[in-house]
Amino acid sequence: MKASQITVSTLKEVPAHADVISQQLMLRAGLIRQLASGLYSWMPMGLRVLRKVENIVREEMNAAGAEELLMPAVQPAELWQESGRWQKYGDELLRLTDRHDREFCVGPTHEEVITDIARNELKSYKQLPRNFYQIQTKFRDERRPRFGVMRAREFIMKDSYSFHLGTDSLAETYQTMYDTYCRIFSRIGLNFRPVEADTGSIGGNASHEFHVLAESGEDDIAFSTESDYAANVEMAEALSPISDLAERAAAGDAMSKFDTPSQRSIAEVCELTGADATETVKVLLVQGANEEQPVIALVLRGDHELNEIKAEKLPEVAEPLTLVNDDQIKAAAGCDAGFIGPVGLNVPMIVDRAAAANANFICGANENGYHLKNVNWDRDCDEPANVKDIRNVVAGDPSPDGKGTLEIKRGIEVGHVFQLGQKYAEALGAKVLDENGKNTTMDMGCYGIGVSRVVASAIEQNNDDRGILWPEAIAPFQAVICPIGYKKSEAVSAKCAELYDALTAAGIEVLLDDRDIRPGVMFAEWELIGVPHRFTIGDRGLDKGIVEYKQRRAESSEDLAADDIAQLAAKVSA
RNA sequence: CGGGGUAUGGCGCAGCCUGGUAGCGCAUCUGCUUUGGGAGCAGAGGGUCGCAGGUUCAAAUCCUGCUGCCCCGACCA
């Protein structure tokens with residue numbers, strides 16, 4: 001293609017409202033333009049990249065035995081009412097009403113529609129397993145869209161759904177999808193990691209997220225220093241610092257109360273006493289799951305954070321997790337938030353493993369203006385009866401698999417595979433006849449890839465001060481020919497045409513910059529856009545019989561024989 | 001949804017405090033010169049200053065309300 005045939009609209013200046021590098025570069029390189037908050041147009045150059053990603057996904061999905069279909073973006077409310085999600089999904093679901101006053105939503109995901117298809121089309125176990133996928137626009141009305149297409153409201157997703165008779169078949173396809181995802185992200189050229197993920201309220205046996213490692217990621221991922229263990233911190237198990245509570249440090253001086261007139265936070269109490277936050281214990285009061293126990297105390301070591309997902313799963317705790325209000329705190333603990341402690345607290349307690357392992361600790365006195373020190377379980381208050389893992393792991397914690405310690409890195413979730421089980425099939429009555437002629441509810445898996453997010457995350461990992469450094473597989477063009485004096489010199493235009501034809505014949509997507517612009521502008525634009533291979537052809541070089549070649553990532557260019565077209569073409573495929 | 005910021009040509013900004021009829025850089029167009037790293041000179045086009053009210057002889061500027069966009073947080077797949 002000639003450059004004059006594709007819209008190239010680069011910006012010299014960084015757009016004011018773009019604050020992650022991928023968004024800045026996508027705007028500057030003219031790959032996308034913003035229409036409204038969380039809504040972006042894909043410009044021709046950007047769309048080429050998006051299509052490359054889609055095609056890799058499509059090839060690998062097909063190779064894995066999945067079938068492509070396409071479902072409507074707009075879905076009737078009735079289906080969502082059947083699954084129960086019309087109520088549960090909340091404001092992220094964009095709802096609309098048609099001219100007949102019938103309710104619809106713009107699909108944020110397609111479990112309902114695919115399950116409807118499955119219950120109508122799949123009647124026999126002989127038709128199973130099946131794995132359907134689509135690459136399609138989704139809409140989630142995010143409260144705060146940000147980071148450009150990384151967290152947009154409208155985005156492109158590859159979503160697939162598999163149907164099975166029995167969980168063994170599901171597990172098999174799940175593994176196939178897991179492997180397929182690894183191949184897809186490897187082919188795209190991303191530095192990624194599959195990590196164990198929370199299965200959430202849906203339950204199910206297994207779930208993995210695929211994360212691209214980047215500082216701008218919104219998720220924290222815990223990695224073992226010594227093994228392959230990797231998990232979302234939502235999921236990573238926090239082990240007790242001691243193997244048995246009997247190993248707790250021996251109780252020292254007697255418990256005593258001290259003044260903390262204005263010290264409400266752990267940090268303030270530590271500053272006052274000179275203690276480390278690890279030597280403290282804090283208490284959070286949350287709503288209980290039933291009437292008899294309206295308030296539950298969650299006890300953590302002062303330096304730890306509550307993991308809301310872990311806490312929410314406990315049968316004693318109300319779902320969704322809700323902190324009790326100030327009046328309830330006063331009623332339950334006899335003091336304000338900031339002075340609550342386990343000593344004499346007449347509320348059912350769930351104690352985190354690390355808090356339970358503490359001895360001679362500092363905690364609130366359940367009396368405004370006072371804390372306690374040298375507190376010990378058993379001696380000063382009841383031995384914790386209910387010890388659970390309810391905190392987020394932190395860097396330096398032991399790895400749950402017993403090998404090494406954990407480190408925490410930021411990740412961008414680009415894929416998610418999930419064993420759904422029978423949740424949707426059950427709700428919508430998706431059943432097949434089994435070998436015995438008996439109606440059996442199908443098992444389901446679902447597998448998603450954020451296609452548009454993949455593009456942004458590839459840039460997050462591959463850029464320099466001049467622009468984007470596309471991985472070969474998803475570059476909008478593999479090579480660009482930059483003529484110097486294209487319209488002035490016949491030698492230049494002839495050599496450009498010769499190289500262009502040779503590269504095209506070799507199946508390389510090459511762009512010939514036939515625009516009558518200055519070389520500096522041309523170089524700057526293609527470096528910003530990130531085309532991996534560049535040939536510069538000018539009279540100056542041709543007089544010496546050379547064509548200049550530069551790899552986008554290379555420090556400097558190299559001179560190649562202008563006559564050896566095969567050698568030139570080989571540079572791109574190499 | 002809570003808190004904060006901001007809104008002036010396609011992009012980035014100044015002007016606002018102290019009201020007097022809109023400006024700079026980039027981009028765009030024309031001409032000439034230039035042509036191996038975002039050119040120079042000369043000229044040109046493009047904005048009812050987010051919207052709606054109000055104050056005033058006069059509002060980009062002061063006041064009120066609304067809206068968009070952005071940031072922080074909470075929330076969520």
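Basis for what follows: all heavy atoms, side chains included, without hydrogens, waters or symmetry-related copies. Just so we're on the same page: letters track the sequence lines, and every chain starts at 1.
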**Report entry** Among B:G38, B:C75, B:G37, the nucleotide that comes nearest once only the side chain of A:E527 is considered
**Finding:** B:G37
Requested in this report: Taking only the side-chain heavy atoms of A:D219 (C-beta and beyond), determine which of B:U35, B:C75, B:A77 contains the nearest atom.
Outcome: B:A77
Query raised in the report: Within the pair A:T10 and B:G38, is there a side-chain N or O less than 4.0 Å away from OP1 or OP2?
Result: no
**Report entry** Within 45° cone and under 6.0 Å: A:R95 NZ/CZ vs A:W80 ring
**Finding:** no
Query raised in the report: Less than 3.5 Å between a donor and an acceptor, one on the side chain of A:E92 and one on the base of B:A77, is that the case here?
Result: no
Query - Distance below 4.0 Å between A:K488 side-chain N/O and B:U35 OP1 or OP2 - result: no
Query raised in the report: Base, sugar-phosphate alone, or nothing: which one does A:E209 contact when heavy atoms must sit under 4.0 Å apart?
Result: base
Query raised in the report: Can you find a side chain N or O atom of A:R144 that sits less than 4.0 Å from OP1 or OP2 on B:C72?
Result: yes
**Report entry** More than 12 heavy atoms from other groups under 6.0 Å of CG on A:D91
**Finding:** no
Query raised in the report: What nucleotide among B:A39, B:C13, B:G37 has an atom nearest to a side-chain atom of A:A16?
Result: B:C13
Query raised in the report: In terms of side-chain heavy atoms of A:A36, which of B:U35, B:A39, B:C69 is nearest?
Result: B:C69
Query raised in the report: Considering Watson-Crick and G-U wobble pairs with both distances under 3.5 Å, what does B:A77 pair with?
Result: none
Query - Integer-rounded Å distance: B:A77 C1' and A:Y424 OH - result: 10 Å
Report summary line: Side-chain contact check for A:Y89: nearest option of B:G38, B:A77, B:U35 is B:A77
**Report entry** Partner residues of A:E305 under the side-chain hydrogen bond (donor to acceptor under 3.5 Å, both in side chains) criterion, sequence neighbours left out
**Finding:** A:N392
Query raised in the report: From B:U35, B:G38, B:G37, pick the nucleotide closest to the side chain of A:F523?
Result: B:G37
Report task. For B:G37, take OP1 and OP2 only and decide whether either is under 4.0 Å from a side-chain N or O of A:R518. Result -> no
Query raised in the report: Is the charged tip of A:R140 near the ring of A:F155: under 6.0 Å from the six-membered ring centre and within 45° of its axis?
Result: no
Requested in this report: Between B:A27, B:C70, B:A74, spot the one nearest the side chain of A:R143, thanks.
Outcome: B:A74
Query raised in the report: Is a donor-acceptor pair below 3.5 Å formed from side chain A:E13 to base B:A27, judging by atom type as modelled?
Result: no
Query raised in the report: For the side chain of A:R28, counting heavy atoms from C-beta on, which of B:U35, B:G38, B:C75 is nearest?
Result: B:G38
Query raised in the report: Between atom CZ in A:R151 and atom P in B:C75, what is the gap in whole Å?
Result: 14 Å
Report summary line: Atom CG of A:D516 and atom P of B:U33 are separated, to the nearest Å, by 14 Å
Requested in this report: Take atom CD of A:Q5 as the centre, draw a 6.0 Å sphere, and report whether it contains more than 12 heavy atoms from other residues, nucleotides or ligands.
Outcome: yes
Query raised in the report: Roughly how far apart, to the nearest Å, are B:G4 and B:A22 at atom C1'?
Result: 30 Å
Query raised in the report: Relative to the 5' end of RNA chain B, which residue comes earlier, A:Q34 or A:G520, by the nucleotide with the nearest heavy atom?
Result: A:G520
